[in-house]
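Each remark here refers to the structure printed beneath this line.
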Amino acid sequence: MSNYSLTPTPALEGYDKSFGSLYLKEMSNIALISIAVPNQENALANLNAALKKAYGLSFPEAGKGEKSSDNQYTILSMSPDQAFLMFDYEGIDADILVKNKLGEAGYYTLQSDVWVALKLSGEKVRAPLARICQLDLHPDHFQVGDVASTLMEHMRVIIYQEDEDSFILMTSRSYARSFLHAIEMSINFSLVGR
Amino acid sequence: MSQDYRIDGGLIDRSKLLDFRFNEKSFSGFQGDTLASALLANGQKLVGRSFKYHRPRGIFSAGSEEPNALVTLREGAYQEPNTRATIVELFDGLVCKSQNHRGSLENDLMGGLDLLSPFLSAGFYYKTFMWPRTFWEKIYEPFIRASAGLGALSGLEDPDIYDKGFLHCDILVIGSGASGLLSALIAAKAGARVIIAEEDYILGGRLNAETYEIDALSSQDWVKRTLETLASFENVTIMPRTCVFGSYDHGIYGAVERKTDHLKSAGGKPRQILWRIYSKAAILAAGSTERGIAFGNNDRPNIMLAGAVRTYANRFGVTPGKNITIYTNNDDGWRTAKDLSEKNIEISALIDTRENVSHPYDVDVERIIKGGRITNTKGRKALSSITLSNGETISTDCLAVSGGWNPNIHLTCHQNGRPLWNEEKSTFLPSRNIPPNMHVVGAASGLFSLQDCFHSAVNVTNFILKELGFDEIKSDIPKCESDKTNITAFWHVKESKKRAWLDLQNDVTVKDVKLAQQEGYQSVELLKRYTTLGMATDQGKTANVIALAILAESNGKSIAETGITTYRPPYSPISLGVLAGRARSKDFRPTRLTPSDKWAKEQGGVFTEAGLWKRAQWFPLKGETHWRESVDREVIATRNHVGVCDVTTLGKIDIQGNDAAEFLNKVYINGFAKLPIGKVRYGLMLREDGIVMDDGTTARMSENHFIMTTTTAKAGPVYKHLEFCRQVLFPKMDVHLISTTDGWAQFSIAGPDVRKLLLKIVDKNHDISNEAFPYMACGEITICNGVRARLFRISFSGEHAYELAVPSRYGDSLIRVLADAIQEFDGVVYGTEALGVMRVEKGHAAGNELNGQTTAANLGMERMLSKKKDCIGNILSQRDELSREDGLRLVGFKPVDKNSKLSSGAHFLAINAENNMDNDQGYMTSVAYSPILGHSIGLGYIENGSNRMGEKIRSVDFMRGTEIEVEITSPHFYDPEGERLRV
């Protein structure tokens, strides 16, 4: 038995802060698993069946996300053959859990620590986002359940609208400090209107 | 000073008195004033000196076209030169000063330059300062720069904050005059997402400066009512203080919003915001700009555009003079006379250049002169009189000039649109070749009557709405009078013998244009560059068309044949600060931090940039005064004991699928299909042209699961390349890729004591003995009592080594554990410098060697190219020149005199060869001081290198001016047999 033990540290050490009506929080205990659809006959149908059975989900069309009926699992489709399964989980073996549930229907890669995820919410949430996000986030255009991959301040970001005025933003973990700084700056700068 | 020139009316709040200072002198104005209107209200007519001749200058316009009234605003680091007083919104405590004079504004010591004007004609720089050539840089240029020019920067770092952002809309309305407001209103009612942007700080455009009656309301009240309606729509964004400065591809417009320029202090918020506006359609309702008429000494203070005089009277409640004369070639000049007389401002005369003009407006002016020509003016620091061609002199303190109106078509030309000359309106109009989905309405399209403007707004907006799939909005045309808009082109007074100014800001006169034409600069583009016409901060908004007309006349051609110069963004000057936005200093680009970053900072690590990554270079200990001391210590400790280095930055790509192995066979030159599970292999990857793209190792974790590592620099490009291969070249393969670079904190652990160290942290159920886990083995393990990890027995240092990876959340904790555990073995944590030294000692290629020019053969790895399979780059790598036996080969170099220092970038030449390119044999790519060998060592490419071991040549560093004798050796300086790797 080793005399040493390791302690996990969230990328932003559990950041959690309010800015007036806006709220920014690191989502530190989520599992993120990449699920790829094998390039084989009937693979998508097989994967859909497995997802349905395991989580009550189906593989969404690219750019869309779907939540399980109990809101425990979210699947975000980034392309026609690849999606992220997201759920609350503290461990580092989420890929194994998912594989145990879905079997050989897909290819699974642990992505939990590849990304840092921040939830930005509040009535005027689109104002700070307009400073760094080139996408049109108007409610008529980007709706609850929409997901997209884009660039913010030179960083690749996945943006997912999980609720009316709530967005989940994910970027590579090594960028965590720069990304947080960019969002904080956008919030502070946009507090003077528009 | 008291506001002696203040009159009744205007859109100013007289209950809010604002104090400001101009040239250290106190003034006051009201809320709603511009700096220019407030200066005029106080009777300050002289506000600056001209660019070249230091002529006294006053306020010429009432908008962003202002060429004269440029001031330096604010103080200290906040100082901003060349600010147009005509658009500066007055605030309490404003401080500004005039520009381009030595001594006081009133008594400029450089004013005498005006007397030298006969020698300072167009192109005088080119003619005068040709000899002696050496004088240009040291004498002529500094003198000219000191004599001519505008304001000066503070020389301090700009303390203001700027930001940028992105906006989206269905319809962008540029300009908020009558046409813009009505267009926005119709589009809003149809449900379109509308942005209406206005450069001014209040919306309404010229309606704020006119005395129209619209729908039984004053024009100002109609604006107010319309804005209230617009503000009630959720689908409308109203943006005052926002200049749309450029039109770009795909309906994108650039705009600068002045967020806090009207405040004394920005209060820590961004001063300006650069917006990128994405639109489906744009309505250009930018109005028009008045132009003057050229006549002798037409640049004196208080000679102004007639429309501006009207603006100051109607909008700001200021009369620029108490005895005003109007000079016009069109009906609009009469409107100025009408408005001024209705305000009981004395008008000395109304002079119309047209002989046969019936009175377009009823004006209460005693003296109306038809067919009049002004040949000269007087008044050194402010206008005092004008002289007509018949010799008559008229006393006047302000001359309001109207030479017609130029539609503001600039944005229509930003995507190479060329405007067309319209003889009837005597102006350029937008052609059909304007940016896609841009539509022009109102005065910007050449419609100078208010009624016509409203009609165009309704028709054009409904056309756009239909195109975008919205319902048409039946809108009543607001009821208003019909303007008189007749004009007879009149450009300059030929009878005048005095200098007549065209470009007030750059001091270009009629004579300059004629001289340029005589000297062969007959093209409008050449004229511009020779005379500097239109090249000042106002971009010749009031000058260009008159100058073109005079050039056309000189050429004996029509204006249409002469053409116009190209309009480019920005429409109006914008600060460089706002273009940079927040991307300054540390915010210039994001940084990537390694999992050990926090720990490394705590240790006082010295960092370097590796792309966007911040990596520790070395970790100095107390008493170490030179970086080499630290690096040598780290190398020696690693070679003798054990060392740990954070190598997380290397790219990691997870590759899965039934065809994953075959896919790797395609992208690497060497075979991977038969790589056993639990093994790692070095791989070399080529570009399609046969040049090496990258190298790295790939581990087989299971039958269909591989983990590839790339170099730090090529992590992104390699991933993109692999995706291209997967999606485009081999779409039928069952293979999937995803980057896991950031997901795993990876540490290289190397040195003779490495296994002993690992035994302290690897859980006991994993056998890491040499037999169970030999060189190039890999596997999933657990460490520190159950934490998931991956172990790869690979070595970059040449030592018995491993790379240990844990999920990144454990990275910080793991480096602390390792740093503690190594102490028992006198180990170290080392940085990138020691890493580099050890790889050079071992002869491993890295970024310096894989520089996008080298082949596998150059690296001495041609035998890795498998003959049993094809791979990307295979065919082209076999081109004759690339596979020459005597081509460049990567070899080692050591100095003959061991005390000499090698330098990278040095070129290799034979001992007695002349230093020239013909004798160049290759170059040094990497050098290091080897603390193990005790001298400098290097890697480099030299012709036929592998067959020249022991040969002595010269290493010549032309950059540093050094030259030493070196010996060609094997690149493997340290443990060439690789025995230390396998223990």
Side-chain angles (χ1 to χ4, degrees), chain A residues 1-11 28 34 36-40 43 81-82 91-93 106-116 127 130-138 140-141 153-155 171-179 181-182 185-186 188-194, chain B residues 161 163-168 193 237 239 257 259-260 269-270 273 276 278 582 587 589-594 612-613 648 654 656-659 704 731-736 738-744 760-764 783-785 787-788 806-814 817 820-821:
Chain A
M1 189 173 167
S2 174
N3 292 329
Y4 292 107
S5 60
L6 298 180
T7 314
T9 312
S28 44
S34 164
V37 186
N39 194 3
Q40 298 162 13
D81 62 355
Q82 192 259 323
I92 49 172
D93 56 349
Y107 300 120
Y108 316 102
T109 308
L110 183 66
Q111 288 279 294
S112 306
D113 286 9
V114 175
W115 303 86
V116 58
R131 299 298 173 92
I132 48 174
C133 180
Q134 299 177 47
L135 301 179
D136 186 357
L137 300 179
H138 189 276
D140 293 346
H141 197 269
E153 302 298 279
H154 309 288
M155 292 169 273
T171 193
S172 301
R173 184 183 173 106
S174 58
Y175 286 117
R177 290 283 162 196
S178 285
F179 189 50
H181 177 62
M185 198 183 260
S186 301
N188 288 324
F189 286 178
S190 64
L191 290 179
V192 277
R194 199 174 303 109
Chain B
I161 299 168
D163 202 14
K164 55 98 187 58
F166 309 90
L167 297 173
H168 301 258
R193 284 168 65 193
T237 305
M239 299 180 71
E257 183 179 16
K259 220 54 185 162
T260 63
K269 298 297 180 189
I273 301 172
R276 187 190 294 180
Y278 296 81
R582 59 168 79 172
D587 292 324
R589 56 183 184 179
T591 49
R592 304 180 74 177
L593 304 181
T594 61
L612 298 177
W613 289 98
T648 304
D654 198 73
Q656 296 193 56
N658 285 338
D659 298 320
N704 295 327
K732 291 186 177 167
M733 280 191 175
D734 178 25
V735 59
H736 284 274
I738 191 157
S739 170
T740 58
T741 304
D742 287 60
W744 295 82
K760 290 169 70 78
I761 57 168
V762 174
D763 290 343
K764 302 296 176 210
I783 64 170
C784 299
N785 306 310
V787 173
R788 188 179 183 185
V806 291
S808 293
R809 68 186 69 176
Y810 291 107
D812 179 71
S813 188
L814 180 57
V817 164
D820 183 71

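Order of the sequence lines sets the chain letters (A, B, ...), proteins ahead of strands, with each chain counted from 1.
Proximity to chain A involves both the backbone and the side chain of B:D820, based on heavy atoms less than 4.5 angstrom apart. Using a 4.5 Å cut-off between heavy atoms, B:K764 touches chain A through its side chain atoms alone. Both the backbone and the side chain of A:D81 come within less than 4.5 Å of a heavy atom of chain B. Neither the backbone nor the side chain of A:F179 comes within contact range of chain B; no heavy atoms are under 4.5 Å apart. In this structure, chain A has heavy atoms under 4.5 Å from both the backbone and the side chain of B:N658. Looking at A:A176, there are no atoms closer than 4.5 Å to chain B (heavy atoms on both sides), in backbone or side chain.
In this structure, a donor-acceptor pair under 3.5 Å is present between the side chains of B:Y278 and A:Q134. Side-chain contact annotation: A:S178 with B:R589, donor-acceptor N/O pair under 3.5 Å absent.
A:H181 places no side-chain N or O within 3.5 Å of a backbone atom of B:P590 that could act as its donor or acceptor partner. Checked by atom type and distance alone, the side chain of B:D734 never pairs as donor or acceptor with a backbone atom of A:P38 at under 3.5 Å. Under a 3.5 Å cut-off, the side chain of B:K269 and the backbone N or O of A:N188 do form a donor-acceptor pair. A:R173 contributes no side-chain N or O that, together with a main-chain N or O of B:T741, makes up a donor-acceptor pair within less than 3.5 Å. A donor-acceptor contact shorter than 3.5 Å links the side chain of B:N785 to the backbone of A:Y4. No donor-acceptor distance shorter than 3.5 angstrom exists from the side chain of B:D763 to the backbone of A:S2, with no hydrogens or angles considered. Under the 3.5 Å distance criterion, the side-chain polar atoms of B:K164 are matched with a main-chain donor or acceptor of A:R131. Panel note: side chain A:Q111, backbone B:S739; a donor-acceptor pair is recorded below 3.5 Å.
Contacts with chain B were tallied for A:V37, A:L137, A:T109, A:L135; A:T109 has the most, counting heavy-atom pairs under 4.5 Å. Interface remark: of the candidates B:D659, B:V806, B:I738, B:V735, B:I738 forms the most heavy-atom pairs closer than 4.5 Å to chain A. Here B:C784 is the residue among B:C784, B:P807, B:G657 with the most heavy-atom pairs under 4.5 Å with chain A. Considering only heavy-atom pairs separated by less than 4.5 Å from chain B, the leading option among A:S172, A:A182, A:S5 is A:S172. Put simply, of A:A11, A:S112, A:S186, the one with the most heavy-atom pairs under 4.5 Å next to chain B is A:S186. If you tally non-hydrogen atom pairs under 4.5 Å between each of B:Q656, B:K732, B:K760 and chain A, the highest count goes to B:Q656.
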Please determine whether side-chain contact (heavy atoms from CB on, under 4.5 Å) holds for the pair B:H168 and A:H141, giving the CA-CA distance in whole Å, both sets of side-chain angles, and the decisive distance to 0.1 Å.
CA-CA 10 Å; B:H168 301 258; A:H141 197 269; over 6 Å; no
Verify side-chain contact (heavy atoms from CB on, under 4.5 Å) between B:T591 and A:R177, making sure each step is shown before the conclusion.
CA-CA 8 Å; B:T591 49; A:R177 290 283 162 196; over 6 Å; no
Please assess A:M185 against B:R582 for the test side-chain contact (heavy atoms from CB on, under 4.5 Å), listing each intermediate value before the final yes or no.
CA-CA 9 Å; A:M185 198 183 260; B:R582 59 168 79 172; 3.5 Å; yes
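Counting all heavy atoms, side chain and backbone alike, A:D113 lies closest to B:S808 at OD2-N, 3.1 Å. Nearest approach of A:F189 to B:I161, heavy atoms of both residues: CZ-CG2, 3.2 Å. Across every non-hydrogen atom of B:R592 and A:S174, the tightest pair is NE-OG, 2.8 Å. Nearest heavy-atom pair across B:L612 and A:Y175 is CD1-OH, 3.2 Å. Minimum heavy-atom separation, A:L110 to B:T740: O-CG2, 4.3 Å. Nearest approach of A:D93 to B:R788, heavy atoms of both residues: CA-NH1, 3.6 Å.
Here the side chains of A:I92 and B:Y810 are in contact, with some heavy-atom distance below 4.5 Å.
Here B:R809 contributes atom CZ and A:L6 contributes atom CG; the two are 12.0 Å apart, rounded to the nearest 0.5 Å.
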